[in-house]
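See structure below.
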Number of protein chains: 2
Amino acid sequence: MMELNTISDILKKNNVKPSIQRMKIYEYLINKKTHPTVEEIYSVLSKELPTLSKTTVYNTLNAFIENGITQMLTIDENETRYDADISDHGHFKCTNCGKVFDFRFEKLNYEAKQLDGYEIKECHVYFKGMCKKCRK
Amino acid sequence: MMELNTISDILKKNNVKPSIQRMKIYEYLINKKTHPTVEEIYSVLSKELPTLSKTTVYNTLNAFIENGITQMLTIDENETRYDADISDHGHFKCTNCGKVFDFRFEKLNYEAKQLDGYEIKECHVYFKGMCKKCRK
DNA sequence: GTATCTGCAAAACATTTGCAATTCT
DNA sequence: AGAATTGCAAATGTTTTGCAGATAC
């Protein structure tokens, strides 16, 4: 579990001034790892920060993205999710329970290099299907 | 270039009754291969079909998707694109010129099988970066 | 005390829905 | 005529913008 001190440092290092709203939003992303939507972040954090507005959630997430400490996941249309894990990894969404799981991949970078002439900066991979629990 | 006769047959085979609007939209998707947005389809086809409405474009694309002859691409948030090529392939979006290119991949299916316990039904891959022209 | 950040309300967009008019057979 | 399709207008939902008040340095 990452603590608020560490979070404050990460934000500062990445040119995001650490307000309480920004720290709590980053904390939620990095500790819960649920790839939440704006709605989820807003409704959970409103309990702790009763005056929080969705505008601030949007502003904050956009600032995180601009400064490279969060990525936007567009796994499903009309359901923008956010992820503070910016390492190369893929996502698996269970079409039954709706949960999103992470997985590592090795071979994709190799594959990416095959596309020569193109300069690849971002690499997004997601699968959809049924997770272990839902298949039982 | 696929002709309207062939398009009519494909739609019929897939339980979509071939109206002029539906045929023209499918023709645009399959022949132009530009992975257009609703807006692009609407503004281009309005010239030929002046009474065309966006509602019909949306209804038609949803019918195509339900019947498995078109896939939705969610490469960027707030920019839903459509593709009548339903074979397994990846997309590369140039962040400079905005164009979307196709590419084949072989190794991903192998990779997918590594995630055992999970039943994978759909496999989406996209890269972002600079295309050949924009790098010059 | 000046900059920045927050959050309300309104605006801007994208997509869906209800329904009447049109088209097809 | 009867059933399906089209397209307008209104509704819904999401994200952005404008701006006034609050907060931080």
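All chains are named by letter (A, B, ...) in the order of the sequence lines, taking the proteins before the strands, and each is independently numbered beginning at 1.
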Over how many whole Å does the gap from B:Lys54 atom NZ to D:dA10 atom C1' extend?
16 Å

When the nearest nucleotide of DNA chain D is assigned to B:Arg22 and to B:Tyr42 on a heavy-atom basis, which residue is associated with the more 5' position?
B:Arg22

Side-chain donor-acceptor contact under 3.5 Å, A:Thr56 with A:Arg22
no

Between A:Asn62 and D:dT16, is there a contact of a side-chain N or O with OP1 or OP2 at under 4.0 Å?
yes

My understanding is that a pair needs two contacts under 3.5 Å, Watson-Crick or G-U wobble. By that rule, which nucleotide pairs with C:dA3?
none

Does C:dG18 have a Watson-Crick or wobble mate here (both distances under 3.5 Å), and if so which one?
D:dC8

From the options D:dT15, D:dT6, D:dT5, select the nucleotide whose nearest atom is closest to the side chain of B:Lys17.
D:dT5

Starting at OG1 of B:Thr74, measure out to CD of B:Gln71 and round the result to the nearest 0.5 Å.
9.5 Å

Contact interval (first through last nucleotide) of DNA chain C with protein chain A, 4.0 Å heavy-atom:
C:dT4 to C:dA9

Side-chain ion pair, B:Asp76 and B:Lys128, N-O less than 4.0 Å
yes

Taking for each residue the nucleotide of DNA chain D bearing the nearest heavy atom, is the 5' side occupied by B:Gln21 or by B:Asn78?
B:Gln21

Parallel, tilted or perpendicular: ring planes of A:His89 versus A:His35, cut at 30 and 60 degrees:
tilted

Which is true for A:Thr55 with a 4.0 Å heavy-atom rule: it touches a base, it touches only sugar-phosphate, or it touches nothing?
base

Look at the rings of A:Phe92 and A:Phe101 and say which category their plane angle falls in: under 30° parallel, 30 to 60° tilted, over 60° perpendicular.
tilted

Give A:Ser19 one of three labels, base, sugar-phosphate or nothing, depending on what nucleic acid heavy atoms sit under 4.0 Å from its own.
sugar-phosphate

Whole angstroms only, please: what is the OH-P distance between A:Tyr58 and D:dT17?
13 Å

Is there a ring pair (Phe, Tyr, Trp, His ring centres under 6.0 Å) between A:Tyr118 and B:Phe103 once you walk through the steps?
CA-CA 11 Å; A:Tyr118 294 84; B:Phe103 65 87; 8.6 Å; no

